[in-house]
Amino acid sequence: MRIVLLGAPGSGKGTQAALLVEELGLPHISTGDLLRSAVADGTPLGLQAKAVMDRGELVSDDIMLGLIEERLEQDDASGGFILDGYPRNLAQAEALSDLLQRLEKPVDLAVQVVVDSEMVVARIALRATEEGRSDDTEAVVRNRLRVYAEQTAPVAGYYQQLGLLSSVLGDGTIEEVFQRVMGVIRSHSPD
Ligand code: AMP
């Protein structure tokens, strides 16, 4: 199954993606992780992306398309994937549809984890202490939430128009949210 996970920074989407990977045996493709490893490796792409990420802005659509195209063409993605952090705006959503159409592997389902913004700020503050991410300071978090509202939130509407969107509430325990996500996935599974 080819699943796109949507949700604001701090919605718990990354945690849910990791649980889904275990449950469904599909690769977790996180563009944030791909970028962070490029930064850690000091590749030219990583050097270019770091300043943008540290401001909480979006890395350019061209760079992201190259990155995601290379990743989706790897063998382990041929049987499906959990996509986390892409698409982040409407142009990326359209580029992804074109790419997956070319690969004859369209998105089956987009799952949106819906949370309120106070919960998001609290969760991100916690993650900042746990993981020490350089883009988790308060000012940058605020900017990331603004970028999300302006550019990423419309992506849910894009998938809704295609009849592919399901939303679940992101409050409660990790396990409760996971059961909601799995409920949606089961109801869309062919078997
Ligand atoms: P994430 O781990 O998904 O929160 O991503 C961390 C940062 O990486 C974001 O704030 C962006 O700067 C960058 N990033 C991740 N995915 C994308 C994307 N699809 N398009 C543009 N920038 C991205």
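Computed from a predicted structure; not experimentally measured.
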Side-chain polar contacts of residues 37-49 - donor-acceptor pairs under 3.5 angstrom, sequence neighbours left out - could you list them?
unit_1	atom_1	unit_2	atom_2	d
S37	OG	L34	O	3.3
T43	OG1	A38	O	3.4
T43	OG1	G46	N	3.0

| Could you give the distance from CZ (R71) to CZ (F81), rounded to the nearest 0.5 Å? | 10.0 Å
| Residues which pass side chain to side chain contact (heavy atoms under 4.5 Å, CB included) with T173, listed by chain and number, not counting sequence neighbours | E175, E176
| What residues form a side-chain hydrogen bond (donor to acceptor under 3.5 Å, both in side chains) with Y158, not counting sequence neighbours? | S97
| request: Treat each ILVMFWY residue as a node, draw an edge where side-chain heavy atoms are under 4.5 Å apart, and state whether L165 and I82 are in one component. | output: no
| Which value, rounded to the nearest 0.5 Å, describes the distance between L72 atom CG and L96 atom CG? | 7.0 Å
| remark: Those residues at least two apart in sequence (or on a different chain) that pass side-chain hydrogen bond (donor to acceptor under 3.5 Å, both in side chains) with Q160 are none
| field | Side-chain touch P9/L145, heavy atoms, less than 4.5 angstrom | value | yes
| query | Can you tell if the side chain of V21 reaches within under 4.5 Å of the side chain of L26, non-hydrogen atoms only? | reply | no
| said: Tell me whether L99 shares a hydrophobic cluster with V4, the cluster being built from Ile, Leu, Val, Met, Phe, Trp, Tyr side chains joined at under 4.5 Å. | reply: yes
| task | Not counting sequence neighbours, which residues clear side-chain hydrogen bond (donor to acceptor under 3.5 Å, both in side chains) with Q161? List them please. | result | none
| task | Measure across P87 and A93 and return the closest heavy-atom pair with its distance rounded to 0.1 Å. | result | CB-N, 3.3 Å
| Considering residues, nucleotides and ligands other than Q179, do more than 12 of their heavy atoms fall under 6.0 Å from its CD? | yes
| Does CG in L169 sit with more than 12 non-hydrogen atoms of other residues, nucleotides or ligands closer than 6.0 Å? | yes
| request: Is it possible for you to say whether L67 and L100 belong to one hydrophobic cluster, with membership spreading through side-chain heavy-atom contacts below 4.5 Å? | output: yes
| query | Can you name the nearest heavy-atom pair linking G80 to P27, along with the distance? | reply | O-CD, 3.3 Å
Donor-acceptor contacts under 3.5 Å from residues 105-113 side chains, at least two apart:
unit_1	atom_1	unit_2	atom_2	d
K105	NZ	S78	O	3.3
D108	OD2	R2	N	2.7
Q112	OE1	S167	OG	2.9

| task | Take atom CD of E70 as the centre, draw a 6.0 Å sphere, and report whether it contains more than 12 heavy atoms from other residues, nucleotides or ligands. | result | no
| task | Decide yes or no for D171 and V114: does some side-chain heavy atom of the first lie under 4.5 Å from some side-chain heavy atom of the second? | result | no
| query | salt bridge (Lys or Arg N to Asp or Glu O under 4.0 Å) with R142: which residues, sequence neighbours excluded? | reply | E138
| task | Treat each ILVMFWY residue as a node, draw an edge where side-chain heavy atoms are under 4.5 Å apart, and state whether Y148 and L90 are in one component. | result | no
| said: Checking H188 against M1 for the side-chain contact (heavy atoms from CB on, under 4.5 Å) test, could you report, in this order, the C-alpha distance in whole Å, the side-chain angles of both residues, the deciding distance, and whether it holds? | reply: CA-CA 9 Å; H188 284 80; M1 218 178 170; 3.7 Å; yes
| field | Transitive ILVMFWY cluster of L58, excluding itself - 4.5 Å side-chain cut-off | value | V147
| How about T31 and M64: do any of their side-chain heavy atoms sit closer than 4.5 Å? | yes
| query | Where do I68 and I29 land on the side-chain contact (heavy atoms from CB on, under 4.5 Å) test, with the steps shown first? | reply | CA-CA 8 Å; I68 200 75; I29 301 183; 3.9 Å; yes
| query | Excluding sequence neighbours, so at least two apart, what forms side-chain hydrogen bond (donor to acceptor under 3.5 Å, both in side chains) with E130? | reply | none
| query | Taking NZ, NE, NH1 and NH2 as the nitrogens, is one of them in R102 or D98 under 4.0 Å from a carboxylate oxygen of the other? | reply | no
| message | By the side chain to side chain donor-acceptor pair (under 3.5 Å) test, which pairs, at least two apart or in different chains, include something from residues 58-67? | response | D61-N89, D61-Q92
| task | For the residue pair L24 and I185, establish whether any side-chain heavy-atom pair is separated by less than 4.5 Å. | result | yes
| field | Backbone N/O of V140 and side chain of R55: donor-acceptor pair under 3.5 Å | value | no
| message | Measuring from atom CG of L6 to atom OG of S166, what distance do you get when rounded to the nearest 0.5 angstrom? | response | 11.0 Å
| query | Is there a path from V184 to L164 through hydrophobic residues (I, L, V, M, F, W, Y) whose side chains come within less than 4.5 Å of each other? | reply | no
| note | When rounded to the nearest 0.5 Å, the distance separating CD1 of I3 from CG of L20 is 6.0 Å
| query | Applying side chain to side chain donor-acceptor pair (under 3.5 Å), which residue pairs with at least one partner in residues 7-26 are found, sequence neighbours left out? | reply | K13-D84
| said: According to salt bridge (Lys or Arg N to Asp or Glu O under 4.0 Å), who are the partners of D33, at least two apart in sequence or on a separate chain? | reply: R36
